[in-house]
Amino acid sequence: MRRMTERLRQGGVFVWFSGTLLAFCLAMILCLVGFIVAKGMGFFWPTELVQVQTPEGPVLGEITGREPVRGEETAKTQFRVGNRDIYGQDFRWLPTASLSAPEYPKDALLIERLEYGPFIGRIVSLSHEGNQVATGPAAMSGALDRLPEINRVRRHIQSVEKGQVGDLNRRIERIRLSRRKLETRGDAAALQALDDKTAQLQVTYDQLQTSLEQSRTEAKAWTLGLQTVDGQAKELPLGSVVRIVPANAMGLLDKLGVYLSRLWEFVADDPRESNTEGGIFPAIFGTVMMVLVMSVLVVPLGVITALYLREYARQGWLVRAVRVAVNNLAGVPSIVFGVFGLGFFVYGVGGGIDQLFFADSLPTPTYGTGGILWASLTLALLTVPVVVVATEEALGAVARSQREASLAMGATKWQTLWNVVIPSSTPGILTGLILAIARGAGEVAPLMLTGVVKLAPSMPLDGTFPFIHLDRKFMHLGFHIYDVGFQSPNSEAAKPMVFMTAFLLLLVVVILNLFALNLRRKLRARLGGSTL
Amino acid sequence: MAKGPDEILHFRIIEGGGLGGASSLRVIARTREGLEWSETQLDAATAPVWKPLSLAPSLHASAAAWSSDGRDLFVGTQEGRLLDLDPETGTILSSSEFEEPIQSLGFALGQSSLLVGGAKGKLGAFQRVRVKEVFQLQAFHTFPRLDGAVLGFQASQRDKRFLVWSDREAVVDHLTTERRMFSTHLEGPGIAALAPRGDLILHANEATGALHLWSLDAPHPEVSFGLLWGKTHYEGYEKPEYVWQSTGGTDDFEPKFSLVPLLFGTLKGTLYAMLFAFPLAVLGALYTSQFATPRLKNTIKPTIEIMAALPSVVLGFLAGLVMAPLLEKLAVEVFVYPFMVLILAMVIAPFWGRLPLPFRNAFGSGREVLWMVPVLLVSVWLTSLAGPWLERVAMGGSYRTWLQTALGVNYDQRNSLVVGFAMGFAVIPIIFTISEDALSSVPKSLTSASLACGASPWQTAWRVVLPTASPGIFSATMVGLGRAIGETMIVLMATGNTPIMDWSPFNGMRTLSANIAVEIPEAPLHGTLYRVLFLAAFLLFILTFILNTVAELVRQRLRRRYESI
């Protein structure tokens with residue numbers, strides 16, 4: 001007994017205890033990151049299509065989940081059966097006990113299409129303009145042969161619709177606005193000129209529409225006759241097929257090909273089906289663009305503040321108070337920044353700009369509504385303490401001897417700063433910037449108030465004058481996660497997309513952070529000492 | 001057969017129910033003998049049929065009003081009683097005491113709050129509300145007295161304010177907040193009216209025929225300090241309560257802007273997060289700074305830094321879509337797990353003690369973390385066996401029914417435990433990093449002295465290092481608190497966002513920050529809701545400002561103390 005109390009007093013047990021807690025923390029982090037990586041990376045790999053017999057009929061699909069026996073609940077298996085247009089839901093839970101032995105039919109297919117999620121079943125026939133051309137395996141190979149060409153046509157249609165047609169629409173809209181201005185002035189000649197211009201544009205517009213219509217009929221000419229596993233037939237134009245994946249008949253290389261093409265689609269394409277399918281290119285683009293604009297705004301602000309605090313200001317209570325304030329700013333909740341951005345930037349400054357420069361398009365706001373500029377400005381405010389602190393630290397790390405040497409050579413204070421101090425503290429400033437970017441890229445709450453949207457019709461950077469549109473709303477990876485995961489009507493089917501987006505965001509943020517922290521660690525090692 | 005009325009007290013058009021139902025007019029009037037009422041179809045040109053309504057002989061009706069559906073008749077008497085009658089039978093459904101002869105009756109916007117004015121100027125509001133399964137008349141607001149007998153009411157068509165006047169005074173009060181927004185002196189009896197927007201007041205003097213017009217500028221009548229922070233008795237509620245419900249389906253909705261449930265939600269989320277994060281972070285930091293080998297330390301710190309870098313939206317998404325359903329299935333296991341680890345560690349400990357000391361010193365000290373990882377993993381496996389067993393044996397098969405029957409607690413899928421975990425996850429790295437810095441910077445001379453005096457490493461760490469660095473840990477906790485209070489995305493996704501006030505860990509909540517994120521995009525610019533949300537943001541700002549300033553000051557003092565040692 002006495003030995004026990006002595007042991008307790010010595011406290012070896014507690015060392016173990018605190019070690020356990022730490023181990024738990026570390027395990028949590030690794031589990032979390034590993035979970036996201038596994039879920040995100042695995043999602044694009046073609047899964048085998050399993051066919052089973054149930055009392056209600058045959059079921060064909062991917063197995064997406066299993067639940068063990070628990071209490072009164074029996075063991076269940078979750079199938080992703082697809083065919084939302086026919087079955088009404090993508091997933092089905094079936095009691096495991098009632099299932100027959102699984103089969104892996106070679107002719108089972110997963111067809112990714114533009115609407116209603118994937119089709120899972122078999123190809124029966126291939127028709128051209130209503131005439132059956134092939135049946136059975138020949139139909140499938142025929143479809144596979146024609147798919148690339150038809151996809152090319154579809155892409156062409158999309159790009160024309162988005163690029164040229166959108167461009168024309170914008171030009172007609174601009175003419176309409178200037179017409180409205182002229183009408184109040186009553187300048188007949190100018191009005192006539194504008195009308196001529198509109199007519200010209202209308203002709204180009206009609207031509208475009210005809211060529212588009214032609215492409216559309218071309219895309220619709222080929223149709224697939226499909227059959228689900230329980231015998232329901234379905235006609236599908238080949239033009240709305242994205243990809244045909246005969247998962248059970250594929251080798252490893254083919255699967256890798258599908259994996260890579262899906263990955264590419266995810267990174268480079270626009271979203272489909274209210275963001276639950278397709279790609280997230282606009283979100284990636286929006287995030288990058290917002291972060292870039294933020295960097296442009298935050299670096300001068302942060303660096304100049306730090307320079308003043310460190311190099312020019314007399315160290316007294318005022319500077320101490322400013323430092324406390326900067327530290328405080330770092331602790332202010334991001335949603336508060338969002339509210340500030342909404343009240344000050346969007347409604348205040350933006351509303352003012354609209355009154356002054358965009359009065360003709362009022363009451364439709366131009367800058368008086370959320371936009372990428374306001375979001376970036378808000379985030380710049382949010383991240384400025386990071387840059388200030390890092391820059392101050394970097395400035396402090398510049399060796400005294402260097403400054404003194406420069407000053408002794410007759411350089412002025414500014415020359416010393418500009419030519420000696422700032423160049424040698426660049427890595428520190430860069431560290432601050434990268435940390436700011438990592439923080440900014442992951443922040444969502446303030447963006448929700450200042451300009452992020454679930455689906456932006458146009459990018460903040462495009463080919464129409466003035467090319468950079470800072471007033472436009474944008475999409476964002478973080479918001480995409482929130483929106484697709486929590487606001488989407490079909491969040492179960494969208495889950496993999498969310499995982500993938502989360503993985504991408506995590507990857508970006510963690511890489512940026514590791515990079516910056518490594519840089520900082522090296523700097524500190526050079527400097528030595530505590531950072532408390 | 002009644003002869004017809006002397007004075008009409010109140011009439012109301014009752015909209016016909018269903019398809020093609022005809023609207024009807026209900027009138028209540030006073031005769032010398034008592035009350036009479038009639039119902040006439042609006043499109044039929046028939047003379048009204050008056051039906052008598054008898055009250056007890058001790059009661060003399062002085063005012064009457066139909067309820068919004070015409071099924072109830074409210075009658076005020078000279079004896080100061082307010083009655084709720086069934087006009088068909090004449091039975092008194094419920095009654096209430098007003099303590100003053102009732103002079104006039106009126107309704108606020110929505111026709112559910114009955115405004116009552118007395119002959120000596122007393123003003124009150126009553127409602128029919130279900131208390132213990134029975135509808136009762138209940139006095140739920142009182143207003144400052146009026147100078148003279150109350151002559152009439154008129155409700156605003158915009159909000160819950162109303163005009164009320166007597167011979168000598170006209171005032172505008174707000175029903176919910178009981179605020180008096182306007183008051184003016186009158187010269188003699190007359191009739192007054194409130195403009196539809198509630199910004200103009202007109203009074204016509206009966207004796208002189210003089211007209212007076214006043215303008216009223218009261219921009220946010222529905223909010224007062226008491227409404228934001230105190231219990232308020234709302235329409236349809238049994239008693240005064242803290243409620244947040246900013247918008248409703250109808251125009252006559254009474255907005256409920258109590259910040260208390262939101263503040264409560266914020267504090268609750270923060271509390272659960274800190275309960276989870278604080279011990280893990282501080283003890284983890286203590287271990288890292290005092291016991292871990294340098295190599296281990298160099299891998300732990302970057303890992304924690306990665307943890308700090310995780311975007312909160314990712315944490316929130318995991319909490320809401322992965323952890324919440326998982327926890328719902330494995331709630332018992334989660335509670336069993338820590339005990340399982342403890343039991344397993346106690347089983348293993350004696351064996352470890354038997355191992356030769358040189359081995360223990362060479363591989364054990366400083367690497368306890370690594371040894372514990374397999375223990376944690378094995379515990380997961382053991383828990384997966386013990387959890388269902390426990391649920392079957394001790395809780396009768398389903399922990400949810402057990403919670404419901406034994407503790408009377410409901411289990412929400414998105415609850416405080418999930419938030420505690422997820423937000424704790426966000427807070428741990430903050431507390432860890434600052435604490436670790438503080439603990440590592442404790443001067444070596446102190447620890448060396450303690451060890452040299454014969455204290456064990458743990459005694460040194462617990463009795464010397466920890467107290468010395470405690471201001472640093474305090475400041476770390478403050479900063480962590482600040483982060484938890486302001487965290488938005490995690491609570492938005494993992495709490496279910498129901499503004500309820502319940503400390504139960506199995507229920508959700510709505511925090512100030514999530515509330516702003518949910519409601520401000522739809523709040524009309526410069527409207528009351530917009531301003532209240534700004535106030536909520538300001539509150540968050542103040543809270544975190546205080547926490548951060550305290551943390552910073554404490555940290556600066558600690559730095560000076562270290563310098564002086």
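The basis for the numbers below is simple: all heavy atoms, side chains too, and nothing from hydrogens, waters or symmetry mates. Numbers restart at 1 for each chain; the letters A, B, ... are given by sequence-line order, proteins then strands.
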Next item on the list: Using non-hydrogen atoms and a 4.5 Å limit, figure out which bit of B:Val282 sits close to chain A: side chain, backbone, both or neither.
Entry: neither
Margin query: Counting heavy-atom pairs closer than 4.5 Å to chain A, which one of B:Ile520, B:Leu525, B:Leu540, B:Ile300 comes out on top?
Written below: B:Leu525
Checklist line | Residue pair A:Met448 / B:Leu492: nearest heavy atoms and the distance that separates them | finding: CE-CD2, 3.9 Å
Next item on the list: State, yes or no, whether a side-chain contact exists between B:Leu512 and A:Ile335 at a heavy-atom distance under 4.5 Å.
Entry: no
Checklist line | Contact origin within B:Gln459 toward chain A - heavy atom pairs under 4.5 Å | finding: both
Margin query: Under a 4.5 Å cutoff for heavy-atom pairs, which residue among B:Met323, B:Arg414, B:Gln556, B:Gln290 has the most contacts with chain A?
Written below: B:Arg414
Check: Which bit of A:Phe14 is near chain B, if near means a heavy-atom gap under 4.5 Å: side chain, backbone, both or neither?
Finding: both
Item checked: Atom group of B:Leu286 that falls short of 4.5 Å from chain A, counting heavy atoms -> neither
Note to self: What's the separation between atom CG in B:Leu318 and atom SG in A:Cys31, rounded to the nearest 0.5 Å?
What the structure shows: 11.5 Å
Next item on the list: Can you establish whether the number of heavy atoms outside A:Phe486 located under 6.0 Å from its atom CZ is more than 12?
Entry: yes
Checklist line | Structural part of B:Ile485 lying under 4.5 Å from a heavy atom of chain A | finding: neither
Item checked: Part of B:Tyr530 within contact of chain A (heavy atom distance under 4.5 Å) -> side chain
Checklist line | Heavy-atom pair count under 4.5 Å with chain A, highest-scoring of B:Ala536, B:Ala517, B:Pro521 | finding: B:Ala517
Check: Can you tell which of B:Trp458, B:Phe545, B:Phe541, B:Phe534 has the highest number of heavy-atom pairs within less than 4.5 Å of chain A?
Finding: B:Trp458
Checklist line | Region of B:Glu487 that comes under 4.5 Å of a non-hydrogen atom in chain A | finding: neither
Notebook entry, point to check: For the rings on B:Phe317 and A:Phe499, is their centre-to-centre separation under 6.0 Å?
Noted result: yes
Note to self: Which heavy atom of A:Val509 sits nearest to which heavy atom of B:Ala309, and what is that distance?
What the structure shows: CG1-O, 3.1 Å
Next item on the list: For B:Asn548 and A:Asn327, run side chain to side chain contact (heavy atoms under 4.5 Å, CB included): C-alpha distance rounded to whole Å, both residues' side-chain angles, the deciding distance at 0.1 Å, then the answer.
Entry: CA-CA 8 Å; B:Asn548 286 315; A:Asn327 257 322; over 6 Å; no
Margin query: Please classify the contact between B:Leu280 and chain A as side chain, backbone, both or neither, with a heavy-atom cut-off of under 4.5 Å.
Written below: both
Check: When you look at NZ of A:Lys39, are more than 12 heavy atoms from neighbouring residues, nucleotides or ligands closer to it than 6.0 Å?
Finding: no
Next item on the list: Please flag which part of A:Ala438 lies under 4.5 Å from any non-hydrogen atom of chain B: side chain, backbone, both or neither.
Entry: neither
Checklist line | Heavy-atom proximity to chain A below 4.5 Å, by part of B:Phe425 | finding: side chain
Next item on the list: Tell me, for B:Leu342 versus chain A, whether the close heavy atoms (under 4.5 Å) come from the side chain, the backbone, both or neither.
Entry: neither
Check: Should we say atom CZ of A:Phe17 is surrounded by more than 12 heavy atoms from elsewhere, each under 6.0 Å from it?
Finding: no
Item checked: Separation between CG of B:Leu296 and CG of A:Leu22, rounded to the nearest 0.5 Å -> 7.5 Å
Notebook entry, point to check: How close do B:Thr544 and A:Pro333 get, heavy atom to heavy atom, and via which atoms?
Noted result: OG1-CD, 3.3 Å
Item checked: Proximal component of A:Arg323, with respect to chain B [non-hydrogen, under 4.5 Å] -> neither
Note to self: So, taking the atom named CG in A:Leu449 and the one named CD1 in B:Ile516, what distance separates them when rounded to the nearest 0.5 Å?
What the structure shows: 8.0 Å
Check: Is there a side chain to side chain contact (heavy atoms under 4.5 Å, CB included) between A:Leu506 and B:Leu310 once you walk through the steps?
Finding: CA-CA 7 Å; A:Leu506 201 69; B:Leu310 292 176; 3.0 Å; yes
Note to self: Tell me if the CH2 atom of B:Trp389 is crowded by more than 12 foreign heavy atoms within 6.0 Å.
What the structure shows: no
Notebook entry, point to check: With side chains defined as the heavy atoms from C-beta onward, is the minimum distance between B:Ile306 and A:Asn513 less than 4.5 Å?
Noted result: no
Check: So, for A:Trp16 and B:Met372, which heavy atoms are closest and what is the spacing to 0.1 Å?
Finding: CE3-SD, 3.8 Å
Notebook entry, point to check: Is any side-chain heavy atom of B:Tyr287 less than 4.5 Å from a side-chain heavy atom of A:Val15?
Noted result: yes
Checklist line | Side chain, backbone, both or neither of B:Thr488 within contact of chain A (heavy atoms, under 4.5 Å) | finding: side chain
Next item on the list: Measure distances from A:Phe479 to the heavy atoms of chain B and classify the residue's part below 4.5 Å as side chain, backbone, both or neither.
Entry: neither
Notebook entry, point to check: Using non-hydrogen atoms only, which part of B:Val375 is less than 4.5 Å away from chain A: side chain, backbone, both, or neither?
Noted result: neither
Checklist line | Which of A:Asn328, A:Val339, A:Leu514, A:Leu21 touches chain B most, by non-hydrogen pairs under 4.5 Å | finding: A:Asn328
Check: If you take all heavy atoms of B:Val373 and A:Ala23, which pair is closest and at what distance?
Finding: CG2-CB, 4.3 Å
Check: Heavy-atom distance under 4.5 Å to chain B: side chain of A:Leu517, backbone, both or neither?
Finding: side chain
Item checked: Aromatic ring pairing A:Phe24/B:Phe276, orientation class (parallel under 30°, perpendicular over 60°, tilted between) -> perpendicular
Next item on the list: With a 4.5 angstrom heavy-atom cut-off, could you sort out which part of A:Ile36 is near chain B: side chain, backbone, both or neither?
Entry: side chain
